Amino acid sequence: MKTNSLGFKSMKDYDVEGKHVLIRVDINSPIDPQTKRIVNENRINKTVPTLEWLMRSGAKVAIIAHQGDTLDYQNLIPMKEHAQKLTEKLGLKVRYVDDVCGPMAQSAIEALDDGEAILLGNLRYLCEEISTFEAAVKLTPQEMLNTWLVRSLAPLFDLYINDAFAAAHRNAPSMVAFQELLPSAAGPLFFDEVTTLSMILNGPKTPSIFVLGGAKISDAFGMMEQVLENGTADKILTSGVTGEVFLIASGLSLGKKVEAFLDDKGLTEYITDAKKLLDAYGEKILMPTDLAFSRDGVREEMKTCDAPIDELFLDIGTETIATYVKEIEQAGTIFVNGPAGVYEDALFESGTRYIWQAMAKAPGFTVIGGGDSVSATSRFTDPKDMNYICTAGGAMVRFLSGKQLPLIAAMEKAGAREK
Ligand code: 3PG
């Protein structure tokens with residue numbers, strides 16, 4: 001059987017009829033903090049063609065996926081609504097089984113008929129699948145064969161498919177271990193994303209800027225040094241929690257509330273990393289010059305030179321917005337991952353709104369990635385005005401840093417073995 005230019009097989013290279021197929025997708029979606037309901041369906045929509053092909057080809061399909069993480073606990077919810085949405089969009093039933101790999105999941109897998117699909121429980125119910133475990137324990141794919149997930153599920157399947165490029169930077173058992181045991185293939189979304197991002201990586205128009213915000217700051221810190229060192233990024237514009245960490249690293253105090261927040265989220269360690277980056281690339285890293293907070297329900301702004309005041313900052317201020325918009329207007333390529341503030345709250349949407357609207361009008365090539373960033377795109381702009389919208393956020397920026405991602409390494413290894 002052939003492999004393609006990426007060195008691993010496509011699911012369409014296999015005859016899946018009557019086969020038990022385990023498919024890992026990324027339908028991790030932005031969730032309304034109050035209602036706990038899905039607020040953007042982009043990743044679910046993008047997964048539909050893959051599942052439709054498998055079901056119509058007669059595979060017995062078990063879908064595994066994650067929602068949220070301990071880093072963002074409010075998003076860590078069961079996946080019943082994801083199964084309902086898949087069912088509506090496919091016009092084919094996807095039954096939800098609220099168990100990841102225990103007895104209930106196993107009997108549901110064994111009972112699957114040709115063309116049927118189930119979605120198993122949130123992978124991040126398992127400690128071995130959460131990203132804090134991944135960072136603290138650092139198992140190799142071989143060592144992951146002892147995890148509960150892989151021990152329980154691998155013997156029940158004929159084929160493993162991964163169509164979760166958006167989680168390609170996660171060295172978790174569901175992403176990189178099944179390839180050690182099962183014939184493996186990538187789904188079409190995975191191929192599309194890698195092909196398009198490779199084109200962008202190989203010739204970004206300069207100046208190329210990375211606009212990094214959001215709350216998942218490990219994603220930003222996972223790649224900043226590489227993109228600055230290898231010249232993929234001419235400048236990095238920081239906002240969100242990433243911006244706050246840089247401000248503190250530059251010697252500013254942002255007050256006790258911000259310090260307690262960073263401490264509580266285990267993010268204080270990034271201050272040291274930020275200091276090193278500032279020492280090496282200071283003039284290429286832009287930090288907010290003003291920040292917004294709420295006083296008695298009214299938006300107020302503070303110039304960072306007037307810090308500290310004891311508030312939680314939930315957006316960048318007007319002056320920073322103006323600076324960043326100007327940079328965006330002059331850039332050849334603009335990559336964005338992570339909103340500038342808590343844009344779901346009308347008080348703190350300005351940073352994200354104006355940056356996104358500047359991107360939509362920018363003459364440069366615009367690339368947006370990540371669940372919240374894509375939601376913000378639909379909220380503040382016409383998504384058609386962006387040049388490329390990727391399902392991945394953290395995985396996209398790390399791919400663009402030129403570093404090999406754990407998923408790609410695992411797929412290439414399986415591809416080489418099966419050649
Ligand atoms: C993402 O949202 O970037 C992917 O779904 C991966 O999620 P994670 O950052 O929680 O691992």
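In this text the structure is predicted, and so the values were computed from the model without any measurement.
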Visitor: With heavy-atom distances below 4.5 Å as the criterion, would you say the side chains of Thr366 and Val336 are in contact?
Guide: no
Visitor: Using a 3.5 Å distance criterion without hydrogens, assess whether the side chain of Arg124 forms a donor-acceptor pair with backbone atoms of Gly68.
Guide: yes
Visitor: Is a side-chain donor or acceptor of Trp356 paired with a backbone partner of Ser373 at a separation under 3.5 angstrom?
Guide: yes
Visitor: Is there a donor-acceptor contact under 3.5 Å from the side chain of Thr381 to the main chain of Ala360?
Guide: no
Visitor: Salt-bridge test for Asp32 and Arg37: reply yes if a basic N is under 4.0 Å from a carboxylate O, no otherwise.
Guide: no
Visitor: So, do Phe261 and Asp264 sit near enough that their side-chain heavy atoms are less than 4.5 Å apart?
Guide: no
Visitor: Between Tyr343 and Asp345, is any side-chain donor less than 3.5 angstrom from a side-chain acceptor?
Guide: no
Visitor: Using 30° and 60° as the class limits, which term best fits the ring planes of Phe165 and Phe399: parallel, tilted or perpendicular?
Guide: perpendicular
Visitor: Going by the angle between their ring planes, with limits at 30° and 60°, are Phe210 and Phe335 parallel, tilted or perpendicular?
Guide: tilted
Visitor: Nearest heavy-atom pair of Ile118 and Val94: which atoms, and what distance?
Guide: C-CG1, 4.2 Å
Visitor: Just jot down the salt bridge (charged side-chain N to carboxylate O under 4.0 Å, His left out) partners of Asp372, sequence neighbours excluded, or say none.
Guide: none
Visitor: Just by distance, with hydrogens left out, do Asn28 and Gln67 show a side-chain donor and acceptor under 3.5 Å apart?
Guide: yes
Visitor: Report yes if some heavy atom in the side chain of Met287 is under 4.5 Å from a heavy atom in the side chain of Leu278; otherwise report no.
Guide: yes
Visitor: With sequence neighbours excluded, what pairs up with Asp234 under the salt bridge (charged side-chain N to carboxylate O under 4.0 Å, His left out) test?
Guide: none
Visitor: So that I can tick it off, tell me whether Lys138 and Glu134 are bridged by a salt bridge, with the cut-off set at under 4.0 angstrom between side-chain N and carboxylate O.
Guide: no
Visitor: State which residues pass side-chain contact (heavy atoms from CB on, under 4.5 Å) with Pro33; sequence neighbours excluded, sorted by chain then number.
Guide: Gln74
Visitor: Is Glu344 salt-bridged to Arg379, cutoff N-O under 4.0 Å?
Guide: no
Visitor: Do we see a donor-acceptor contact under 3.5 Å between the side chains of Ser29 and Glu41?
Guide: no
Visitor: So does Ala322 get a backbone contact from the side chain of Lys326, meaning a donor-acceptor N/O pair under 3.5 Å?
Guide: no
Visitor: Tell me if a side-chain donor or acceptor on Asp385 pairs with a main-chain N or O of Lys361 at a distance below 3.5 Å.
Guide: no
Visitor: Return yes if some donor-acceptor pair links the side-chain N/O of His20 with the main-chain N/O of Ile109 below 3.5 Å, else return no.
Guide: yes
Visitor: Say whether, by atom type as modelled, one donor and one acceptor occur between the side chain of Gln179 and the main chain of Lys413 under 3.5 angstrom.
Guide: no
Visitor: Taking ring pair (Phe, Tyr, Trp, His ring centres under 6.0 Å) as the definition, give me every residue that meets it alongside Tyr324, ordered by chain and number, with sequence neighbours left out.
Guide: none
Visitor: Please say whether more than 12 non-hydrogen atoms of neighbouring residues, nucleotides or ligands are located less than 6.0 Å from CZ in Phe157.
Guide: yes
Visitor: Give the minimum heavy-atom separation between Pro204 and Thr333, together with the two atoms involved.
Guide: C-OG1, 3.6 Å
Visitor: Between Glu418 and Ser184 (side chain of the first, backbone of the second, donor and acceptor by atom type, cut-off under 3.5 Å), is there such a pair?
Guide: yes
Visitor: What do the steps show when you test Tyr96 against Gln84 for side chain to side chain contact (heavy atoms under 4.5 Å, CB included), and what is the final call?
Guide: CA-CA 8 Å; Tyr96 180 60; Gln84 282 162 355; over 6 Å; no
Visitor: Going by atom types only, do Arg24 and His66 share a side-chain donor-acceptor pair under 3.5 Å?
Guide: yes
Visitor: Which heavy atom of Val61 sits nearest a heavy atom of Leu54, and at what distance?
Guide: CG2-CB, 3.9 Å
Visitor: Taking only residues two or more places apart in sequence or in another chain, which ones pass ring pair (Phe, Tyr, Trp, His ring centres under 6.0 Å) with Phe221?
Guide: Phe246, Tyr270
Visitor: Can you see which heavy atom on Met359 is nearest to which on Ile334, and at what distance?
Guide: CE-CG2, 4.0 Å
Visitor: Asn230 side chain to Ser401 main-chain N or O, any donor-acceptor pair under 3.5 Å?
Guide: yes
Visitor: Taking NZ, NE, NH1 and NH2 as the nitrogens, is one of them in Lys60 or Glu116 under 4.0 Å from a carboxylate oxygen of the other?
Guide: no
Visitor: Taking all non-hydrogen atoms of both residues, which atom of Val25 and which atom of Ala164 are closest, and how far apart?
Guide: C-CB, 3.5 Å
Visitor: Around atom NZ of Lys403, are there more than 12 heavy atoms of other residues, nucleotides or ligands at under 6.0 Å?
Guide: no
Visitor: May I ask you to test the Lys284-Ile236 pair for a side-chain heavy-atom distance under 4.5 Å?
Guide: no
Visitor: Would you mind reporting whether Ile368 and Cys390 have side-chain heavy atoms less than 4.5 Å apart?
Guide: no
Visitor: Verify whether one side chain among Tyr14 and Asp158 offers a donor that lies under 3.5 Å from an acceptor in the other.
Guide: no
Visitor: With no hydrogens and no angle check, is any side-chain donor or acceptor of Thr377 less than 3.5 Å from a backbone partner on Pro383?
Guide: no
Visitor: Regarding Gln226 and Thr232, is there a side-chain donor-to-acceptor distance under 3.5 Å anywhere?
Guide: no
Visitor: Where do Phe8 and Phe190 land on the ring-ring contact (aromatic ring centres under 6.0 Å, His included) test, with the steps shown first?
Guide: CA-CA 11 Å; Phe8 40 85; Phe190 184 163; 5.4 Å; yes
Visitor: Does NZ in Lys80 sit with more than 12 non-hydrogen atoms of other residues, nucleotides or ligands closer than 6.0 Å?
Guide: no
Visitor: So which heavy atom on Val176 is nearest to which on Met144, and how close?
Guide: CG2-SD, 3.5 Å
Visitor: Have a look at Thr320 and tell me which of Thr304, Asp290, Thr238 forms a side-chain hydrogen bond (donor to acceptor under 3.5 Å, both in side chains) with it.
Guide: Asp290
Visitor: Tell me every residue that passes salt bridge (charged side-chain N to carboxylate O under 4.0 Å, His left out) with Asp382, counting only those two or more places apart in sequence or in another chain.
Guide: Lys384
Visitor: Any side-chain heavy-atom pair from Lys89 and Glu52 closer than 4.5 angstrom?
Guide: no
Visitor: Kindly check if the number of other-residue, nucleotide or ligand heavy atoms within 6.0 Å of CD (Glu225) is above 12?
Guide: no
